[in-house]
Q: 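My structure is below; once you've seen it, I'll send some questions.
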Amino acid sequence: MSFDTLPPPPPLSQLCEAEPVALFLDFDGTLIEIASGPDAIDVPDNLPDRFDILAARLEGRLALVSGRGLDNIHRHIGALTIARAGSHGADRVLADGSVLGERAQPLMPQVIEALADLAEEYGALLERKAHGAALHYRSNPESGEAIGVAAAAIASENGLVVKRGKCVAELVRPGADKGGAVAAFMVVAPFAGSTPIFIGDDVTDEDGFIAAEKLGGFGIAVGERASQNARYHLPLVKDVHAWLNL
């Protein structure tokens with residue numbers, strides 16, 4: 001559904017008055033502006049403290065769910081004391097730091113080598129992650145189709161899957177998706193029994209929207225990308241912050 005046909009969500013305070021709410025938040029393009037590269041982001045001041053305040057309002061039912069690795073998020077914003085899932089939801093940690101489920105496995109060396117060759121061929125940026133690897137081609141968007149085809153071939157040869165986003169193609173292990181992270185969190189305290197709301201801006205967030213809907217909640221799409229699975233829409237990152245009172 002096109003972004004301009006989706007209404008804005010009801011106020012968060014109103015939703016919380018009606019029933020227990022759990023929030024699952026994407027990072028890039030949702031809480032921070034998209035940048036020219038993964039390390040060029042501008043992170044708002046005191047973001048971990050703001051998360052803690054929001055989590056307290058929700059009695060702990062807050063999780064960050066990002067395509068970035070958890071180590072990368074820590075490097076950019078510091079230690080977090082909320083639940084979080086990195087690597088598209090494959091690496092899941094509860095607020096107390098305990099691991100939820102099995103630890104995600106890193107990609108095989110031959111996959112990293114093949115992606116490095118692909119990055120060099122098309123002038124893309126290779127981002128190595130603890131549990132995946134991504135090719136960013138924002139500086140050369142015309143190469144997106146060719147990179148996507150080549151990345152899909154590498155994935156097929158190695159039993160992996162490709163996640164596509166805004167000028168990025170990432171290889172991950174099967175089952176690494178944001179919907180799986182939502183489902184995993186929603187069966188444990190303090191999330192169990194609440195209504196899940198997933199907020200995100202990119203294609204990979206659709207899995208989160210679908211999971212939230214299946215569990216009685218809904219998704220909120222951010223930005224101008226059309227969404228087939230969100231119920232509501234917020235135009236800009238600043239509107240997400242305002243809605244969250246973050």
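Any value given below was found using the heavy atoms of this structure, including those in side chains, with hydrogens, waters and symmetry copies removed.
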Q: Does Glu127 form a side-chain contact (heavy atoms from CB on, under 4.5 Å) with Val168? I'd like the steps, not just the answer.
A: CA-CA 10 Å; Glu127 180 190 7; Val168 61; 5.9 Å; no
Q: Roughly how far apart are Glu170 CD and Thr204 OG1, rounded to 0.5 Å?
A: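 If I round to the nearest 0.5 Å, the distance is 8.5 Å.
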Q: Rounded to the nearest 0.5 Å, what separates atom CG in Leu246 from atom CG in Leu62?
A: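 The distance works out to 8.5 Å.
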Q: Which atom names give the shortest non-hydrogen contact between Ala79 and Pro48, and what distance separates them?
A: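 Distance-wise, the nearest heavy atoms are O-CB, 3.7 Å.
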Q: What residues, two or more places apart in sequence or in another chain, satisfy side chain to side chain donor-acceptor pair (under 3.5 Å) together with Ser13?
A: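 Ser13 satisfies side chain to side chain donor-acceptor pair (under 3.5 Å) with no residue once adjacent residues are dropped.
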Q: Tell me, please, which residues at least two apart from Glu59 pass side chain to side chain donor-acceptor pair (under 3.5 Å).
A: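 Scan of Glu59 (side chain to side chain donor-acceptor pair (under 3.5 Å), adjacent residues dropped) gives Arg61.
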Q: Please list, chain by chain and in numerical order, all residues satisfying salt bridge (charged side-chain N to carboxylate O under 4.0 Å, His left out) with Arg75, sequence neighbours excluded.
A: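 Residues passing salt bridge (charged side-chain N to carboxylate O under 4.0 Å, His left out) with Arg75: Asp39.
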Q: Applying salt bridge (charged side-chain N to carboxylate O under 4.0 Å, His left out), can you list everything that pairs with Arg231, at least two apart in sequence or on another chain?
A: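 Once residues adjacent in sequence are excluded, the partners of Arg231 under the salt bridge (charged side-chain N to carboxylate O under 4.0 Å, His left out) criterion are Glu213.
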Q: With a 4.5 Å cut-off on side-chain heavy-atom distances among I, L, V, M, F, W and Y, is there a chain of contacts connecting Val43 to Ile34?
A: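 No, Val43 does not connect to Ile34 through the hydrophobic network.
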Q: With a 4.5 Å cut-off on side-chain heavy-atom distances among I, L, V, M, F, W and Y, is there a chain of contacts connecting Leu244 to Phe198?
A: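 No, Leu244 and Phe198 fall in different hydrophobic clusters.
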Q: Could you tabulate the donor-acceptor pairs under 3.5 Å formed by side-chain atoms of residues 14-26, not counting sequence neighbours?
A:
unit_1, atom_1, unit_2, atom_2, d
Glu19, OE1, Thr195, OG1, 3.1
Glu19, OE2, Thr195, OG1, 3.3
Asp26, OD1, Lys178, NZ, 3.0
Asp26, OD2, Thr30, OG1, 2.9

Q: By the side-chain hydrogen bond (donor to acceptor under 3.5 Å, both in side chains) test, which pairs, at least two apart or in different chains, include something from residues 41-54?
A: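 side-chain hydrogen bond (donor to acceptor under 3.5 Å, both in side chains) check on residues 41-54 returns Asp52-Thr81.
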Q: How long is the gap from CZ on Arg173 to CG on Asn158, to the nearest 0.5 Å?
A: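 The distance works out to 9.5 Å.
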Q: Apply the hydrophobic cluster definition, ILVMFWY joined by side-chain contacts under 4.5 Å directly or through others, and give me every member besides Val172.
A: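 Members besides Val172, by chain and number: Val161.
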Q: Any chain of hydrophobic side-chain contacts (each under 4.5 Å) joining Leu215 to Phe209?
A: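 Same hydrophobic cluster.
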Q: Side-chain heavy atoms nearer than 4.5 Å, only ILVMFWY residues, links allowed to pass through others: does that put Ile210 and Leu6 together?
A: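 No, Ile210 and Leu6 fall in different hydrophobic clusters.
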Q: Show me the donor-acceptor pairs, under 3.5 Å and distance only, between side chains in residues 234-243 and residues at least two apart or in other chains.
A:
unit_1, atom_1, unit_2, atom_2, d
Asp239, OD2, Leu236, N, 2.9
His241, NE2, Leu31, O, 2.8
Trp243, NE1, Pro10, O, 2.8

Q: Pairs of donor and acceptor atoms involving the side chains of residues 180-189, under 3.5 Å and at least two apart or interchain, shall be tabulated with distances.
A:
none

Q: For Ala221 versus Ser227, what's the shortest heavy-atom pair and its separation?
A: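 Between these two residues, the closest heavy atoms are CB-CB, 3.9 Å.
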Q: Do the non-hydrogen side-chain atoms of Asp177 and His88 ever get within less than 4.5 Å of each other?
A: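 No - every pair of side-chain heavy atoms lies 4.5 Å or more apart.
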Q: So do Asn229 and Glu206 actually touch side chain to side chain, heavy atoms under 4.5 Å?
A: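 Sidechains of Asn229 and Glu206: in contact.
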Q: What distance do Cys167 atom SG and Asn140 atom CG have between them, rounded to the nearest 0.5 Å?
A: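 Reported value, rounded in 0.5 Å steps: 9.5 Å.
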Q: Do Ile77 and Ile32 have side-chain heavy atoms sitting under 4.5 Å apart?
A: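 Heavy-atom side-chain distance check fails, nothing below 4.5 Å.
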Q: Please test Phe27 against Leu47 for side-chain contact (heavy atoms from CB on, under 4.5 Å), starting from the C-alpha separation and ending with a verdict.
A: CA-CA 11 Å; Phe27 190 60; Leu47 193 55; 4.1 Å; yes
Q: Look at the side chain of Asp205 and the backbone N and O of Asp202, then say whether any donor-acceptor pair between them is shorter than 3.5 Å.
A: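 Yes, Asp205 side chain to Asp202 backbone: donor-acceptor pair under 3.5 Å.
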Q: Could you pull out all residues at least two apart from Arg68 that satisfy salt bridge (charged side-chain N to carboxylate O under 4.0 Å, His left out)?
A: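 Checked Arg68 against salt bridge (charged side-chain N to carboxylate O under 4.0 Å, His left out); matches are Asp28.
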Q: Within this structure, what is the CZ-NE2 distance for the pair Arg225 and His233, rounded to the nearest 0.5 Å?
A: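 If I round to the nearest 0.5 Å, the distance is 10.0 Å.
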Q: Counting only heavy atoms not in Glu120, do more than 12 sit closer than 6.0 Å to its CD atom?
A: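 No, CD of Glu120 has 12 or fewer neighbouring heavy atoms, counting only those of other groups under 6.0 Å.
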Q: Are Leu64 and Leu54 linked, directly or through intermediate hydrophobic residues, by side-chain heavy-atom contacts shorter than 4.5 Å (ILVMFWY only)?
A: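 In one cluster: yes.
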Q: Under 4.5 Å between side-chain heavy atoms, chaining through other members, with only Ile, Leu, Val, Met, Phe, Trp and Tyr counted: pull out the rest of the cluster around Leu115, sorted by chain and number.
A: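 Leu115 clusters with Leu107, Met108, Val111, Ile112, Leu118, Tyr122, Leu126, Leu135, Tyr137, Ile147, Ile154, Leu160, Val162, Leu171.
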Q: I need the minimum non-hydrogen distance between Pro141 and Ser139, along with the two atoms involved.
A: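 Heavy atoms of Pro141 and Ser139 come nearest at CD-C, 3.6 Å.
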Q: Considering all heavy atoms of both residues, which atom of Asp96 and which atom of Ser98 are nearest to each other, and what is their separation?
A: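 So the minimum-distance heavy-atom pair works out to OD1-OG, 2.6 Å.
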Q: Quick one: salt bridge (charged side-chain N to carboxylate O under 4.0 Å, His left out) partners of Asp91, sequence neighbours excluded?
A: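 With sequence neighbours excluded, Asp91 shows a salt bridge (charged side-chain N to carboxylate O under 4.0 Å, His left out) to Arg103, given in chain and number order.
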Q: Mind checking the NE2-CD1 spacing from His76 to Ile41? Nearest 0.5 Å is all I need.
A: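 Result: 4.5 Å between the selected atoms.
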